[in-house]
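Accompanying notes for the structure given below.
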Amino acid sequence: MSEQAERHDLSELIEARHHRAEIVFGIISFAAALILLSQIGNQVTWVKNLRFVQQPGFWPVVAIVGMTIFGAFELYFTWRRNRTHGGGRVLSEVADWARALEYVVWFMAYVFAVPVTGYLPTTMVFCAALTWRIGYRDTRTVLLGVLTGVATVVVFKSLLGVRIPGGAVYEYLPPALRNFMILYF
Amino acid sequence: MDVFLASIEIIARLDVALALAIGATGGVVIGAIPGVGPAIAIAILLPATFALEPIVGLTLLLGVYGASMFGGAIPAVLINTPGTAVNALTTYDGFPMTRRGEAPRALSLAYGASFCGGIFSVLCFILLAPVLAKVAPMFGSREIFLAALLGMVLVVVAHRGQNMTAGALLCFGIFLQTIGLEPVRYSKRFTFDQTFLASGVDLIVVVLGLFALSQAFVLLIGRDEKTETPDISGGLFSGLREVFRFPKVVLPGAGFGTIMGIIPGVGEFTAQFLSYTLAQKTSKDPSRFGKGAPEGVIASESANNAVPAAAMIPLLALGIPGEALTAMMLSVFYVHNVIPGPNLFRDQPDFVLALYLCLLILNVLALGFLILATKPLLKAIVIPNRFLGMAILTLSFVGVYSLRNSATDCLIAAVFGLLGLVLKRLKLPVVPIILGMVLGGIMETKFRTSLPRIHSPLDFVNRPIAAIIFTMIVIVLAFHIWSLLRARRAKGH
């Protein structure tokens with residue numbers, strides 16, 4: 001127990017540790033700032049005979065110049081830190097980021113499917129399929145996934161009435177049921 | 001007295017009572033589930049609250065915000081995993097107490113301290129309200145501009161060891177809010193001839209991406225951790241009384257929480273750090289801290305739960321949010337055309353007081369709910385991470401898609417979700433982007449409205465309050481540079 005107590009470092013609360021992969025983020029963010037900086041002439045209107053601080057482009061310039069300066073310092077400090085310190089493997093971390101792309105595809109597929117196949121059916125299938133995909137293959141957990149989907153639809157669309165359109169597939173339902181489905185599911 | 005009665009009238013309604021109950025219980029449950037947290041819940045709930053009246057919507061969101069910290073103490077104490085990030089310090093002493101077989105005592109200490117912190121900050125506000133009502137109207141465009149600038153400086157300075165990243169992300173946030181048609185001449189800014197960029201980047205889409213979707217991605221690519229919750233037998237009342245035996249810990253903790261909550265950009269972590277350090281230094285036996293000292297739990301929880309009510313003060317009085325959650329709530333005000341700021345205090349003091357009375361009641365409800373429901377809540381702690389990720393992804397869809405039924409919004413949110421994932425994995429701050437967007441917008445508007453009266457930079461600080469805020473900015477920067485130099489010198493030695 002005492003060993004565990006000694007490991008506590010209060011400074012961690014207000015000062016985070018660094019990962020070596022921060023350099024990748026640093027390079028990308030600095031490059032993005034430089035690209036934006038190069039576009040200032042094209043992407044904002046410059047009005048003649050108007051003070052710089054009154055120009056429509058004043059705030060974008062402030063922001064982009066800030067991004068560039070802070071980004072340059074960040075990149076320098078990260079590079080310097082990586083030369084002297086440890087803190088995790090860069091490539092494996094970047095590979096982890098890339099793994100998340102699969103779920104972006106899942107999410108966007110869900111987004112495009114809802115207006116076609118309807119909110120409730122799509123959500124039930126989405127939750128079941130994703131539950132199965134992430135490794136829960138037993139019937140009970142997959143059903144729990146479906147239940148989560150149903151609960152989401154009932155709470156947000158049926159009860160709170162958030163604006164999600166009915167699916168195109170609902171058009172094939174009998175009129176009374178169609179209106180009910182469009183309104184609540 | 002009239003204001004008080006009018007505020008009672010505002011909240012004495014069934015829908016407000018329901019929002020109070022759902023906010024308090026929902027907040028506790030959300031806080032108790034590691035990996036969710038109030039930011040995600042509020043981001044998802046935001047669009048749904050737009051259909052509600054401001055007092056109902058805000059009560060619900062405030063409930064989630066305030067009560068989540070109560071709930072976050074449960075996993076912190078029982079399984080050494082903070083329910084919300086701000087409960088991290090509670091694990092230091094709460095978990096050792098659990099291992100000693102004192103889980104009910106640790107939990108009730110945490111609940112009692114949270115309750116005291118919450119009530120203390122609400123009472124502080126109610127006492128301060130007349131002063132705030134007098135001071136707030138003294139803030140004109142220049143003062144609000146400088147206060148927002150102070151907020152930005154504090155956000156950067158508060159991220160020790162990450163100042164440059166915080167600065168870059170803050171400027172990125174400012175840049176994001178400039179995209180689209182600028183408000184005076186309606187010329188396009190950084191739209192790259194894309195129609196969807198002409199209306200700008202929606203704050204809620206960014207918030208949902210950075211907080212909710214990113215967390216879903218983090219959980220989905222992660223692994224499940226097997227956790228077993230210890231059996232908690234015994235009542236949860238013992239610690240509630242015990243908290244009052246440590247007034248020298250509770251009061252400074254709640255005080256730090258209140259002060260740090262009011263100061264934009266600082267927040268819970270600094271409050272806890274100061275509260276815990278003071279409790280340790282003033283203790284007769286500081287060596288017990290980190291090994292299961294009740295004062296450690298009290299110091300942490302009283303400080304973090306005092307922040308939500310205090311964080312509403314700059315938002316309501318000046319229209320300046322100090323952190324991400326109040327920045328999100330600002331959009332609820334705007335949607336209903338209620339503009340927080342000096343005029344709100346002058347014109348609708350009953351509405352402001354009603355919000356704080358709701359916070360007061362929320363603390364009582366959250367405490368009552370925890371005493372009754374802690375044991376059933378233990379099941380929520382052990383929901384597997386990836387399953388939770390799936391649920392958050394499904395809920396995020398509601399948040400983004402219900403805004404404008406736009407697949408483009410969803411794609412933008414997904415891109416920000418990836419950015420949030422990278423930031424979270426690298427333990428880099430997300431909040432500066434949100435504050436950059438919100439404060440950047442406020443600064444641009446106030447800067448433009450004050451320009452006709454500004455002929456030289458000195459005109460910005462030629463009024464007393466403006467001069468005071470400017471001096472504060474200079475002091476903060478000077479102190480920060482001095483502390484960096486001191487740290488470097490200490491490292492050299």
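Below, chains carry the letters A, B, ... as their sequence lines are ordered, and counting in each starts from 1. Quick note: numbers below take in every heavy atom, side chains included, and nothing from hydrogens, waters or symmetry partners. Note that the structure is a prediction, hence the values are computed from the model and not measured.
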I need the residue from A:Phe112, A:Trp106, A:Tyr76, A:Phe156 with the largest number of non-hydrogen atom pairs under 4.5 Å to chain B. A:Phe156
Just so I understand: if I count every heavy-atom pair under 4.5 Å between each of A:Leu130, A:Val44, A:Val61, A:Ile134 and chain B, which residue has the most? A:Ile134
For a 4.5 angstrom cut-off between non-hydrogen side-chain atoms, does A:Phe70 reach B:Asn163? no
Quick one: which of B:Val415, B:Thr49, B:Leu411, B:Ile174 has the most heavy-atom pairs under 4.5 Å with chain A, could you say? B:Leu411
Using 30° and 60° as the class boundaries, would you call the ring planes of B:Phe397 and A:Tyr119 parallel, tilted or perpendicular? tilted
Greatest number of non-hydrogen atom pairs under 4.5 angstrom with chain A, of B:Ala51, B:Pro47, B:Gly292, B:Pro384, falls to B:Pro384
Any idea which heavy atoms bring A:Glu22 and B:Thr165 closest together, and the distance? OE2-OG1, 4.0 Å
What residue in A:Gly66, A:Gly71, A:Pro60, A:Ala100 has the most heavy-atom pairs under 4.5 Å with chain B? A:Pro60
Do any N or O atoms from the side chain of B:Asn405 and from the backbone of A:Arg163 form a donor-acceptor pair under 3.5 angstrom? yes
Side chain from CB out, backbone as N, CA, C, O: work out which of these in B:Arg189 comes under 4.5 Å of a heavy atom of chain A, or both, or neither. both
Quick check: closest heavy atoms across A:Asp96 and B:Ile221, and the distance to 0.1 Å? O-CD1, 3.3 Å
If we define contacts as heavy-atom pairs under 4.5 Å, which of B:Thr191, B:Leu213, B:Asp193 has the most with chain A? B:Leu213
Check: A:Trp59 ring centroid to B:Phe447 ring centroid under 6.0 Å: yes
Among B:Arg404, B:Glu182, B:Met390, who wins on heavy-atom pairs under 4.5 Å with chain A? B:Met390
Is the shortest heavy-atom distance from the side chain of B:Phe190 to the side chain of A:Ile40 under 4.5 Å? yes
B:Tyr401 side chain near A:Pro115 side chain, heavy-atom distance below 4.5 Å: yes
Name the region of A:Val47, side chain, backbone, both or neither, that has any atom closer than 4.5 Å to a heavy atom of chain B. side chain
